[in-house]
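Before any comments, here is the structure.
Along the sequence shown, the residues carry numbers beginning at 1. All heavy atoms count here, side chains included; hydrogens, waters and symmetry mates do not.
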Amino acid sequence: MTGCETLAKRLCLRKTPSPREVEQALFKLTYPSPEELERARDILCHHFGLLGYPKLTLRTIGERWHRSAERIRQIEGQTLRQLLDVRRL
């Protein structure tokens, strides 16, 4: 099991957030630039099928953002860690 899968399970094992809570948490994320923030949200929404987005593979998401699947996985991991921190607040 990868670190991202473990973090995703930790997010899910806690009280399952409502779509509104997920949306609020996604908008509390902080990144240095608006493009990085948009990319992080897009990656999570598409990989996990959040907020009505279709589920896509890391490879497909990487193609959309001109990044490797590995880089998309890294960004996803950073974003999931941030979401865990946001949910603790």
field: side-chain hydrogen bond (donor to acceptor under 3.5 Å, both in side chains) partners of Ser68, counting only residues at least two apart
entry: none
- request: Could you check if a side-chain atom of Thr57 sits within less than 4.5 angstrom of a side-chain atom of His47, using non-hydrogen atoms only?
  value: no
Taking only distance into account, with no hydrogens and no angle test, what donor-acceptor pairs under 3.5 Å do side-chain atoms of residues 49-56 form with protein atoms, sequence neighbours excluded?
none

message: Tell me every residue that passes salt bridge (charged side-chain N to carboxylate O under 4.0 Å, His left out) with Glu70, counting only those two or more places apart in sequence or in another chain.
response: Arg73
Beyond-backbone contact of Trp65 with Glu38, side-chain heavy atoms, under 4.5 angstrom: yes
- request: Kindly indicate whether the side chain of Phe48, heavy atoms from C-beta on, has any atom under 4.5 Å from the side chain of Leu80.
  value: yes
field: Nearest-0.5 Å distance, CD of residue Glu63 to CG of residue Leu58
entry: 11.5 Å
query: Would Glu36 and Ser33 count as having a side-chain donor-acceptor pair, cut-off 3.5 Å?
result: yes
message: Restricting to side-chain hydrogen bond (donor to acceptor under 3.5 Å, both in side chains), what partner residues turn up for Arg71, sequence neighbours left out?
response: Gln74
- prompt: So, do Leu37 and Leu29 sit near enough that their side-chain heavy atoms are less than 4.5 Å apart?
  reply: yes
- request: For the pair Ile72 and Arg59, evaluate side chain to side chain contact (heavy atoms under 4.5 Å, CB included) and give the outcome as yes or no after the intermediate values.
  value: CA-CA 8 Å; Ile72 296 301; Arg59 182 178 179 184; over 6 Å; no
query: Are Ile75 and Ile61 joined in one hydrophobic group, where the rule is that I, L, V, M, F, W and Y side chains link up if heavy atoms are under 4.5 Å apart?
result: yes
